[in-house]
J.: 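Below is one structure. I have some questions about it.
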Amino acid sequence: MRIVTWNINSLRLRLPLLRQVVALLNPDVLCLQETKVPDALFPRDACEALGFPHIAHHGMKGYNGVALLSKLPLEDVRTPERCRRTDCRHLAARVAGIDVHCLYIPAGGDIPDPELNDKFAHKLDFLADLTGWLTADADPSRPMVLAGDFNIAPLETDVWSHRQLLSVVSHTPVEVEALAGMQAAAGFVDAVRHFVPPTERLYTWWSYRSPDFAANDRGRRLDHIWVTPELKPNLQGALVARECRGWTQPSDHVPVMVDVAL
DNA sequence: ATGGTTGATGGTCAA
């Protein structure tokens with residue numbers, strides 16, 4: 001089963017690029033974040049026409065929004081609530097016996113201090129809430145995949161400059177520690193780093209505020225696919241589709257892909 | 001230290 005996660009940054013604007021991503025990667029399950037479309041306006045017909053008869057979405061007006069497009073049936077679709085809010089950041093379904101979670105963790109604003117910045121406080125609260133939920137929900141008899149925009153780059157090689165980003169939201173020690181705690185909740189395996197050694201730089205996001213993303217390559221690895229330990233022997237490959245960042249009118253994130261043997 | 005861009009929106013806010 002080929003799983004792809006992509007922060008599409010507006011599903012309706014980038015339907016033509018979604019078609020290109022599907023042609024390039026041929027996913028069985030596609031996890032989308034920042035769909036920015038209310039459920040009533042979700043372009044279901046267009047997504048079905050791309051070859052995904054099984055669709056779930058959880059969206060709102062203007063911001064956030066997550067969706068699952070699948071070639072395989074989606075069972076037990078859930079929209080777990082985080083931090084007592086319904087802000088459309090978590091969608092889960094069982095696919096081929098695997099619980100697939102599509103996640104959009106809050107970006108956290110600019111100031112890395114929860115006392116001064118409500119958005120950063122929300123990010124830390126969201127991580128703590130999700131960690132507690134995963135700890136309680138984890139079940140060794142039920143394999144799980146977490147995929148999405150985690151908005152955290154954990155490794156030194158996940159950012160263009162570890163030193164210069166230590167106080168930049170997405171790479172601060174408090175976030176990296178919180179993410180490590182979340183990973184420990186069920187012993188999740190970072191499926192992409194399973195194939196790409198931590199000595200190798202790897203990014204999935206480049207700011208729009210640079211005229212040429214490839215020129216200085218100031219990226220960050222914010223998008224992740226994790227699997228529970230029992231799936232580790234089933235991992236068959238991984239890919240970050242960097243080329244998509246160079247397409248016309250791109251998302252600032254590129255798709256991340258993992259193959260899991262069923 | 002600062003500014004730079006994009007998307008949804010129709011004010012600005014979020015990233």
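Reminder, nothing fancy here: chain letters follow the sequence lines and each chain counts from 1.
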J.: Map D252(A) and S207(A) onto DNA chain B by nearest heavy atom, then report which one ends up closer to the 5' terminus.
T.: S207(A)
J.: With a non-hydrogen cut-off below 4.0 angstrom, is Y104(A) in contact with a base, only sugar-phosphate, or nothing?
T.: sugar-phosphate
J.: It should be established whether K119(A) places a side-chain nitrogen or oxygen under 4.0 Å from OP1 or OP2 of nucleotide dA14(B).
T.: yes
J.: Using a 4.0 Å heavy-atom cut-off across all strands, classify R218(A) as base, sugar-phosphate, or nothing.
T.: nothing
J.: So what does R245(A) hit on the nucleic acid, given a heavy-atom distance under 4.0 Å: a base, only sugar-phosphate, or nothing?
T.: nothing
J.: Distance between the P atoms of dG7(B) and dA1(B), in whole angstroms?
T.: 31 Å
J.: Take P38(A) and S210(A), find for each the nucleotide of DNA chain B with the closest heavy atom, and name the residue whose nucleotide sits nearer the 5' end.
T.: S210(A)
J.: What is the distance from CZ of R14(A) to C1' of dA15(B), rounded to the nearest Å?
T.: 12 Å
J.: R12(A) has a side chain; which of dT9(B), dG7(B), dA15(B) sits nearest to it?
T.: dT9(B)
J.: For atom P, what is the distance between dT2(B) and dT12(B), given to the nearest Å?
T.: 23 Å
J.: How far apart are the C-alpha atoms of D125(A) and R84(A), what are their side-chain angles, what is the distance that settles it, and do they pass the salt bridge (charged side-chain N to carboxylate O under 4.0 Å, His left out) test?
T.: CA-CA 10 Å; D125(A) 288 347; R84(A) 300 169 170 274; over 6 Å; no
J.: Please identify which of these residues, V29(A), N26(A), L30(A), V95(A), meets the side chain to side chain contact (heavy atoms under 4.5 Å, CB included) condition with K71(A).
T.: N26(A)
J.: Can R82(A) be said to sit on top of W133(A)'s aromatic six-ring, NZ or CZ under 6.0 Å from centre and within 45° of the ring axis?
T.: yes
J.: In whole angstroms, how far is the P atom of dA15(B) from the CZ atom of F150(A)?
T.: 17 Å
J.: If you measure from the Lys or Arg side-chain nitrogens to the Asp or Glu carboxylate oxygens, is any gap between R201(A) and D158(A) under 4.0 Å?
T.: no
J.: Measure from CZ on R89(A) to P on dA14(B) and round the result to the nearest Å.
T.: 11 Å
J.: In whole angstroms, how far is the P atom of dG10(B) from the NZ atom of K36(A)?
T.: 14 Å
J.: Is any side-chain N or O of R209(A) under 3.5 Å from a base N or O of dA15(B), one able to act as donor and the other as acceptor?
T.: yes
J.: Select one nucleotide: of dT6(B), dT9(B), dA15(B), the one nearest the side-chain heavy atoms of Y208(A).
T.: dT6(B)
J.: Evaluate the criterion salt bridge (charged side-chain N to carboxylate O under 4.0 Å, His left out) for residue pair R142(A) and D137(A); output intermediate values, then yes/no.
T.: CA-CA 10 Å; R142(A) 194 163 36 97; D137(A) 194 60; 3.8 Å; yes
J.: For E34(A) and dT9(B), give me the distance from atom CD to atom C1', rounded to whole Å.
T.: 15 Å
J.: Quantified in whole Å, what is the P atom distance between nucleotide dT9(B) and nucleotide dA15(B)?
T.: 15 Å
J.: Whole-Å distance between dA15(B) P and Q33(A) CD?
T.: 14 Å
J.: Rounded to whole Å, how long is the line connecting atom CD1 of I8(A) with atom P of dT6(B)?
T.: 18 Å
J.: Just the rounded figure in Å: distance from P of dC13(B) to CE of M60(A).
T.: 16 Å
